[in-house]
Enquirer: 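There's a structure below that I have some questions on.
Sequence lines set the chain letters: A, B, ... in the order given, protein chains first and strands last, and positions in each chain run from 1.
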2 protein chains.
Amino acid sequence: MQSKTSIKLSSNMEDYLEAIVMLKKSKGVARVRDISRLINVKTPSVSGALSMLAKNGLVVHERYGYAELTAKGQKLAKKIKKRHDTLSKFLTEILNIEPKIAAEDACKMEHAISPYTFGKLTKFLEFVKSSPAKGKPHWLKGFGYYVKTGKRPKCVLKDGGAK
Amino acid sequence: MQSKTSIKLSSNMEDYLEAIVMLKKSKGVARVRDISRLINVKTPSVSGALSMLAKNGLVVHERYGYAELTAKGQKLAKKIKKRHDTLSKFLTEILNIEPKIAAEDACKMEHAISPYTFGKLTKFLEFVKSSPAKGKPHWLKGFGYYVKTGKRPKCVLKDGGAK
DNA sequence: CCTAAATGTTAGGTATACCTATCTTTCATA
DNA sequence: TATGAAAGATAGGTATACCTAACATTTAGG
């Protein structure tokens, strides 16, 4: 029926899906109560969300039972998680934001990023990580210094020429 | 009444505020019809939004008249615009995303970014722009090369040592 | 095994943010 | 200056995403 192309889920529904994944990983099962605590809503909201997700073929949920992802749900959840992780990594590793704030912001921003921009961000992180420097590349350390002191680091090697 | 501290506006209301600013700048006045066209909603939605914003003291709107920002509305709008511009600049200048896509993504992401993260992003752009190199710093050109070719640029100056 | 607390569901209500249909006002111009 | 088209407002409807209150089921201790 509605399983033709890749479903477009609302931010909220994506959050529920993410919560289920996290709980399965951490507790083995995803219960309504735990989902509600995780995303700070009351249990009736979770019940409603689960029937929504079930209607979309992403979740299986028997009355009074656990929430389980279908294959389709898992596939979607994996995409969502990747987006979250990439954004989170960018915030912590590039912008030097504390993990707690980064996690919060990633949670909100992950719903707003387009596949194209996600791709570019992924490439950017790849590029930074592939630096031949051990740990952070030189310029990124320079950014840390700039944030701390408000001044650019002394230029050991002038960054001028090169195509 | 509710004008005590800085108002927390919904993403949608922020969009209306932005639209008013843009129209004032481009056309001199902000009409309901133009707002509706700009953010792709019907005129009754704009009417509703304007009374909402008026109730919050951000906009003055006489029946059948133009929408005007109050001082408070202008202050808020300026903040929102800055957030938008910063995000947009990051997407275009750092991630090399085409202006059109960048604008769309910035529109969605700007509502999700926290003040803290916004601050860091601002600093990051500052840092990049303050590079002694003419134009983009060397490492950023390297990223462009990496996106195009999938390979790291030949390291003219080995990026290894340095604190 | 049975009951009380925890958990889950259902029903019904609120707020946001849209929409269409209909009515009112404004304004350009014939 | 009268009028019809454009613009704006209002009324009423839909969908999402919450909530509280009340009811049902499960489960863990006594």
Side-chain angles (χ1 to χ4, degrees), chain A residues 1-2 7-20 22-24 26-69 76 80 107-108 110-112, chain B residues 1-2 7-20 22-24 26-69 76 80 107-108 110-112:
Chain A
M1 247 292 173
Q2 75 289 59
I7 284 171
K8 176 62 194 162
L9 236 41
S10 74
S11 314
N12 294 301
M13 289 303 143
E14 288 190 350
D15 285 338
Y16 284 105
L17 223 54
E18 275 186 282
I20 293 169
M22 287 171 63
L23 288 167
K24 281 222 89 169
S26 66
K27 301 200 163 192
V29 294
R31 291 198 300 284
V32 168
R33 196 77 242 279
D34 293 326
I35 296 171
S36 92
R37 274 197 266 257
L38 195 56
I39 64 183
N40 278 298
V41 297
K42 303 299 179 182
T43 57
S45 302
V46 177
S47 288
L50 289 182
S51 29
M52 189 70 219
L53 291 170
K55 214 174 60 186
N56 282 292
L58 299 166
V59 152
V60 173
H61 181 223
E62 282 176 76
R63 283 187 81 191
Y64 300 104
Y66 301 133
E68 302 278 355
L69 292 180
L76 221 187
I80 294 168
C107 269
K108 292 176 289 166
E110 65 181 279
H111 306 296
Chain B
M1 246 291 170
Q2 76 289 58
I7 283 170
K8 175 61 195 164
L9 235 41
S10 73
S11 315
N12 295 300
M13 288 303 142
E14 288 189 351
D15 286 338
Y16 284 105
L17 224 54
E18 276 186 281
I20 294 169
M22 285 169 66
L23 288 167
K24 280 223 91 168
S26 67
K27 299 200 163 192
V29 294
R31 290 197 300 283
V32 169
R33 197 76 243 279
D34 293 326
I35 297 172
S36 93
R37 275 196 265 258
L38 195 54
I39 64 182
N40 276 299
V41 298
K42 304 299 178 182
T43 56
S45 302
V46 177
S47 288
L50 289 181
S51 29
M52 189 73 220
L53 291 170
K55 215 174 58 186
N56 282 292
L58 299 167
V59 152
V60 173
H61 182 222
E62 282 176 79
R63 283 185 83 189
Y64 301 103
Y66 301 134
E68 301 278 355
L69 292 180
L76 221 187
I80 294 168
C107 269
K108 292 177 291 167
E110 65 180 278
H111 306 297

Enquirer: Could you state the OH-P distance from A/Y16 to D/dA17, rounded to the nearest angstrom?
Expert: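 In whole Å, D/dA17 P and A/Y16 OH are 8 Å from each other.
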Enquirer: When every nucleotide of nucleotides 4-9 of chain C is labelled 5' to 3' by its protein contacts under 4.0 Å (heavy atoms), B for base, S for sugar-phosphate only, - for none, what sequence of letters results?
Expert: ---SSB
Enquirer: Who pairs with B/E18 by salt bridge (Lys or Arg N to Asp or Glu O under 4.0 Å), at least two apart in sequence or on another chain?
Expert: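 By the salt bridge (Lys or Arg N to Asp or Glu O under 4.0 Å) rule, B/E18 matches no residue at all.
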Enquirer: Does anything in residues 8-15 of chain B come within less than 4.0 Å of DNA chain C? Heavy atoms only, and list the residues if so.
Expert: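 Correct list: B/S10, B/N12, B/M13.
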Enquirer: Using a distance-only test with no angle check, is there a side-chain donor-acceptor pair under 3.5 angstrom linking B/D15 and B/H111?
Expert: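 Indeed, the side chains of B/D15 and B/H111 share at least one donor-acceptor pair under 3.5 Å.
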Enquirer: My understanding is that only residues two or more places apart in sequence, or in another chain, count here; which of them pass salt bridge (Lys or Arg N to Asp or Glu O under 4.0 Å) with A/K8?
Expert: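 Result, salt bridge (Lys or Arg N to Asp or Glu O under 4.0 Å) vs A/K8: none returned.
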Enquirer: Using atom NE2 of A/H111 as one end and atom C1' of D/dT16 as the other, report the distance to the nearest whole Å.
Expert: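 Rounded to whole Å, this separation is 15 Å.
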Enquirer: Do A/S10 and A/Y16 touch side chain to side chain, with heavy atoms closer than 4.5 Å?
Expert: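 Answer no - side chains too far apart.
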Enquirer: What integer distance in Å separates B/K42:NZ from D/dA7:P?
Expert: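 Answer to the nearest Å: 14 Å.
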Enquirer: Could you tell me which residues satisfy side-chain hydrogen bond (donor to acceptor under 3.5 Å, both in side chains) with B/K24, sequence neighbours excluded, listed by chain and number?
Expert: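 B/K24: side-chain hydrogen bond (donor to acceptor under 3.5 Å, both in side chains) contacts with B/E68.
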Enquirer: Determine whether B/L38 and B/M22 make a side-chain contact, defined as any pair of heavy atoms from C-beta on separated by less than 4.5 Å.
Expert: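 Side chain of B/L38 against side chain of B/M22, heavy atoms only: contact under 4.5 Å found.
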Enquirer: Contact between A/N12 and A/I39 at the side-chain level, heavy atoms closer than 4.5 Å - yes or no?
Expert: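 They are not in side-chain contact.
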Enquirer: Do any side-chain nitrogens or oxygens of A/S45 fall under 4.0 Å of OP1 or OP2 in D/dA17?
Expert: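 Checking D/dA17 against A/S45, no side-chain N or O comes under 4.0 Å of OP1 or OP2.
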Enquirer: Using side-chain contact (heavy atoms from CB on, under 4.5 Å) as the criterion, list what pairs up with B/T43, not counting sequence neighbours.
Expert: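 B/T43: side-chain contact (heavy atoms from CB on, under 4.5 Å) contacts with B/V32, B/R33, B/S36.
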